[in-house]
Each structure stands twice: as C-alpha cells, then as structure tokens.
**Q** 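Dropping the structure in here first, questions after.
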Amino acid sequence: IGIVKAEQNEVSAPVVVASVQTLSRPKRLSQIGQDFRTVIVDEAHHGVAETYRRVLEHVGSFDDAGPLTVGFTATPERGDKVGVGQVWERIVYQQSILDMITQGYLCDLRAIRVALKAALDQVHTRHGDFVESQLAGALLAANAPEHVVQACQQHAPDRKALVFTPTVELAYDMAKAFREAGIAAEGLDGTTPQEERRDLLRRLHTGETRVICNCAVLTEGFDEPSVD
C-alpha cells in the first residue's frame, strides 16, 4: 500500500491512499497513474467539488471504460443543496440513522436544549446557515460560554465533552469558561500544529483534558471512544 502525503509519494504501489487535498495538486496528480481498476472515495458528498472532480477525471472515473468508482458517506445531503447526482449515478446501498442505532452501530441520542436569550433574528443566513461571525457575536452577547458550562455541569458532570463553535475565537472563549469553572479544557482550531493536535487528543483520551472546544476540526471522520 502506497501513501501519498507530505513527503511520502509512493505513487507506484498497487494500492494508493491519499487525501484529496494532496492529490488534487497538479504536480502530485500528474504523477498518479491512470490504470486503476477501482477508485474508492470517502465522504462522497464532497465529490462535486472541483478538487474531487479533478482527481476523478484524471483517473478516468467518468469514462465508459474507466475504473469502478464507489463512494461512501454518512451525510449524503449537502448544505449548499448541490445534487451529488452530478457525480454519482445511483445509490447502491443505504441505511438510515435509526436503523443503525437499533442495530447497535450508532449510539442512541438524547438531546437537551439549553435556552439562551440570544437575538438570532438579527443574525443573517448564507446558504441556509447562520453567518458564523454574526452568530458568534450573538452567542457571546447572550453569555453562551457560561450557560454551556452550567449545562455541562448539570447534565454531564463526570463525562468528557466536545464543544463545537462557529468561530475560532468562540472556541477559545468556551475553553476559558470551562477552565474558570475548574474543568480541564482546551481549544482547537485549524491552525493548531499537527504535533500539538496529537498531544491535545491524547490528553482527551487519557482524561487529562475533559473538554475540547473546537471550530471545524473534530468533524468528519473523528472518533474518540472515551467520549460517550
């Protein structure tokens, strides 16, 4: 199995594993062969993106005689409403979230809503979602970090937690609020160096850190079994 990532460039192996972010770069892509028999795409709902299509076109996935190309995703509906049918011909297998829960593959859910006096009517939307900077401002104005900490202490006093925020600034504000309440917490964002990120996640796993507040990092593909 060949890895294409950073300084690794094992493009001649029978099986090549690479991220789209790396492989879609013209210099990298030009070194990849066009004789693959099977192409597997994770997070297939991203397949309509230019970077994904560039790779798929290079390996011949859209050609009649091209390789068998199969995609997998747990979130087939895109937030921007762009249809994945632009890339994928048909769904050959699917399972609902409810079916996966009853079969024991997914955890059951228990939702608790924490009420805030946030003026969301003043927050604009873009592509169906709140504008992140405006949403963060409304949450801070409503003192969301304090309310989140109180809710966590009330409903999950002895459990680890992941906190998701719309902006980087709010992630670190949340972490600070937890620490001020005596709860070991850290912030994480896309600029956090890889080695530092590994150490942070290790601390979460061991329990040295109980809460990680992150902005758009621990999303697709992240799993920490000790957070239950």
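We count residues from 1, following the sequence as given. In what follows, every heavy atom counts, from backbone to side chain, and hydrogens, waters and symmetry copies are set aside.
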**Q** Could you tell me whether the side chain of Asn214 and the main chain of Gly187 form a donor-acceptor pair under 3.5 Å?
**A**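 Not confirmed, Asn214 side chain does not pair with Gly187 backbone.
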**Q** Before you tell me yes or no, could you show the steps for Leu188 and Glu196 under side-chain contact (heavy atoms from CB on, under 4.5 Å), namely the whole-Å CA-CA distance, both residues' side-chain angles and the distance that decides it to 0.1 Å?
**A** CA-CA 10 Å; Leu188 172 64; Glu196 184 178 335; over 6 Å; no
**Q** Search all heavy atoms of Val59 against all heavy atoms of Gly33 and return the closest pair with its distance.
**A**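 Between these two residues, the closest heavy atoms are CG1-O, 4.2 Å.
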**Q** Is the NE2 atom of His205 crowded by more than 12 outside heavy atoms at less than 6.0 Å?
**A**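 No - once you tally the heavy atoms of other residues, nucleotides and ligands closer than 6.0 Å, there are 12 at most.
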**Q** With clusters defined by side-chain heavy atoms of hydrophobic residues (ILVMFWY) lying less than 4.5 Å apart, directly or transitively, does Val227 cluster with Phe222?
**A**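 Linked, Phe222 and Val227 end up in one cluster.
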**Q** Taking the side chain as C-beta and beyond, is there a heavy-atom pair between Leu218 and Leu201 under 4.5 Å?
**A**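 Answer yes - side chains close enough.
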**Q** Check for a donor-acceptor pair, side chain of Glu224 on one end and backbone N or O of Ser226 on the other, with a separation under 3.5 Å.
**A**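 Indeed, once roles are kept as given, a pair shorter than 3.5 Å links the two residues.
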**Q** Treating Ser30 as the side-chain partner and Lys27 as the backbone partner, does any N or O pair qualify as donor plus acceptor under 3.5 Å?
**A**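 Side chain of Ser30 to backbone of Lys27: a pair is present.
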**Q** Say you draw a straight line from CD1 of Ile3 to NZ of Lys5; how long is it, rounded to the nearest 0.5 Å?
**A**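 Answer rounded to 0.5 Å: 8.5 Å.
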**Q** Can a donor-acceptor pair be found, under 3.5 Å and without considering hydrogens, that links the side chain of Arg197 to the backbone of Thr192?
**A**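 Confirmed, Arg197 side chain pairs with Thr192 backbone.
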**Q** With no hydrogens and no angle check, just 3.5 Å: does a side-chain donor-acceptor pair link Asp99 and Tyr105?
**A**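 No - no donor-acceptor pair under 3.5 Å links their side chains.
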**Q** Taking all non-hydrogen atoms of both residues into account, name the closest pair between Pro67 and Thr38 and its distance.
**A**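 Nearest pair, atom of Pro67 first, then Thr38: CB-N, 4.0 Å.
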**Q** Check whether Val15 and Val11 end up in the same hydrophobic cluster, where Ile, Leu, Val, Met, Phe, Trp and Tyr are linked by side-chain heavy atoms less than 4.5 Å apart.
**A**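 Val15 does not cluster with Val11.
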**Q** Heavy atoms only: give me the nearest Phe178-Val163 pair and the separation to one decimal.
**A**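 Taking Phe178 first and Val163 second, the nearest heavy atoms are CE1-CG2, 3.9 Å.
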**Q** Please name the pair of heavy atoms, one in Ala138 and one in Ala118, separated by the smallest distance, quoted to 0.1 Å.
**A**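 It is O-CB, 4.1 Å.
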**Q** For residues Leu200 and Ile212, determine if any side-chain heavy atom of one lies less than 4.5 Å from a side-chain heavy atom of the other.
**A**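 Yes. Closest side-chain heavy atoms under 4.5 Å.
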**Q** Walk me through whether Leu29 and Arg54 qualify under side-chain contact (heavy atoms from CB on, under 4.5 Å).
**A** CA-CA 9 Å; Leu29 195 56; Arg54 188 185 307 146; 3.7 Å; yes
**Q** Tell me the closest heavy-atom pair linking Glu10 and Gln8, and the distance in Å.
**A**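 Answer, listing the atom of Glu10 first, then Gln8: OE2-NE2, 3.7 Å.
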**Q** To the nearest 0.5 Å, what is the distance between CD1 (Ile112) and NE2 (His155)?
**A**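 Output value for this atom pair is 4.5 Å.
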**Q** For the residue pair Val41 and Phe72, establish whether any side-chain heavy-atom pair is separated by less than 4.5 Å.
**A**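 No - every pair of side-chain heavy atoms lies 4.5 Å or more apart.
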**Q** Does any pair with a residue in residues 19-58 pass ring pair (Phe, Tyr, Trp, His ring centres under 6.0 Å), and if so which ones, sequence neighbours excluded?
**A**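 As it turns out, the ring pair (Phe, Tyr, Trp, His ring centres under 6.0 Å) pairs with a partner in residues 19-58, which skip direct neighbours, are His46-Tyr52.
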**Q** Just how far is it from atom SG of Cys152 to atom CG of Asp158, taken to the nearest 0.5 Å?
**A**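 Spacing of SG (Cys152) from CG (Asp158) equals 10.0 Å.
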**Q** Heavy atoms, side chains only, cut-off 4.5 Å: are Leu23 and Ser19 in contact?
**A**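 Not in contact.
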**Q** Evaluate the side-chain proximity of Leu68 to Val39: yes if any heavy-atom separation is below 4.5 Å, no if none is.
**A**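 Not in contact.
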**Q** Does CD in Gln194 sit with more than 12 non-hydrogen atoms of other residues, nucleotides or ligands closer than 6.0 Å?
**A**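 Yes.
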**Q** Please determine whether residues Leu170 and Val168 belong to a single hydrophobic cluster, defined as Ile, Leu, Val, Met, Phe, Trp and Tyr linked transitively by side-chain heavy-atom distances below 4.5 Å.
**A**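 In one cluster: no.
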**Q** Quick one: does any side-chain atom of Arg210 pair with a main-chain N or O of Arg159 as donor and acceptor, under 3.5 Å?
**A**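 Confirmed, Arg210 side chain pairs with Arg159 backbone.
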**Q** Do Thr69 and Ser61 have side-chain N/O donor and acceptor atoms under 3.5 Å apart?
**A**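 Yes, a side-chain donor-acceptor pair sits under 3.5 Å.
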**Q** Do Gln154 and Gln150 pair up side chain to side chain, a donor and an acceptor below 3.5 Å, judged on atom types alone?
**A**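 Side chains of Gln154 and Gln150: no pair found under 3.5 Å.
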**Q** In terms of heavy-atom contacts, does CD of Gln103 have more than 12 from other residues, nucleotides or ligands at under 6.0 Å?
**A**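 More than 12 within 6.0 Å, yes.
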**Q** Output the distance between atom CD (Gln86) and atom CZ (Arg53), rounded to the nearest 0.5 Å.
**A**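 Those atoms lie 6.0 Å apart.
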**Q** Please check this pair: side chain of Thr219 against backbone of Ala216, looking for a donor-acceptor N/O pair closer than 3.5 Å.
**A**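 No; zero donor-acceptor contacts below 3.5 Å.
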**Q** Among side-chain atoms of Glu186 and Thr209, is any donor-acceptor pair under 3.5 angstrom?
**A**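 Their side chains do contain a donor-acceptor pair, which is all the 3.5 Å distance test asks for.
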**Q** Please report the interatomic distance SG(Cys213) to OH(Tyr172), rounded to the nearest 0.5 Å.
**A**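 One gets 10.0 Å once the value is rounded to the nearest 0.5 Å.
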**Q** So does His124 get a backbone contact from the side chain of Gln134, meaning a donor-acceptor N/O pair under 3.5 Å?
**A**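 Yes, because the side chain of Gln134 sits within donor-acceptor range (under 3.5 Å) of the backbone of His124.
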**Q** Please examine the side chains of Leu106 and Ile97, heavy atoms only from C-beta on, and report whether any two atoms are closer than 4.5 Å.
**A**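 Yes, side chains in contact.
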**Q** Take Leu162 and Leu204 through the test side-chain contact (heavy atoms from CB on, under 4.5 Å) and record every step on the way to the result.
**A** CA-CA 10 Å; Leu162 300 177; Leu204 176 67; 3.9 Å; yes
**Q** Working to the nearest 0.5 angstrom, can you tell me the gap between Ser24 OG and Ile32 CD1?
**A**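 The OG atom of Ser24 sits 11.5 Å away from the CD1 atom of Ile32.
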**Q** For the backbone of Ala65 and the side chain of Asp63, can you confirm whether one donor and one acceptor N or O come within less than 3.5 Å of each other?
**A**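 No, Asp63 side chain to Ala65 backbone: no donor-acceptor pair under 3.5 Å.
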**Q** Is Leu140 close to Pro145 at the side-chain level, that is, under 4.5 Å between some pair of heavy atoms?
**A**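 Counting from C-beta outward, Pro145 and Leu140 do come under 4.5 Å.
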**Q** Hey, are the side chains of Gln31 and Asn9 touching, using non-hydrogen atoms and a 4.5 Å cut-off?
**A**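 Contact flag for Gln31/Asn9 side chains = yes.
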**Q** Does CD in Glu50 sit with more than 12 non-hydrogen atoms of other residues, nucleotides or ligands closer than 6.0 Å?
**A**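 No, the 6.0 Å shell around CD holds no more than 12 heavy atoms from other groups.
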**Q** What residues, two or more places apart in sequence or in another chain, satisfy salt bridge (Lys or Arg N to Asp or Glu O under 4.0 Å) together with Glu195?
**A**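 Checked Glu195 against salt bridge (Lys or Arg N to Asp or Glu O under 4.0 Å); matches are Arg198.
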**Q** Check the hydrophobic clustering (I, L, V, M, F, W, Y; side-chain heavy atoms under 4.5 Å; chains of links allowed) and say if Leu116 and Leu120 are grouped together.
**A**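 They do share one cluster, since a chain of ILVMFWY contacts under 4.5 Å joins Leu116 to Leu120.
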**Q** Would you say Val123 and Val148 are hydrophobically clustered, going by side-chain heavy atoms of ILVMFWY under 4.5 Å?
**A**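 Val123 clusters together with Val148.
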**Q** For atom CG of Asp121, is the number of surrounding heavy atoms from other residues, nucleotides or ligands below 6.0 Å larger than 12?
**A**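 Yes - once you tally the heavy atoms of other residues, nucleotides and ligands closer than 6.0 Å, there are more than 12.
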**Q** Indicate the atoms forming the closest heavy-atom contact of Val217 with Gly190, along with that distance.
**A**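 Where Val217 meets Gly190 most closely, the heavy atoms are CG2-N, 3.6 Å.
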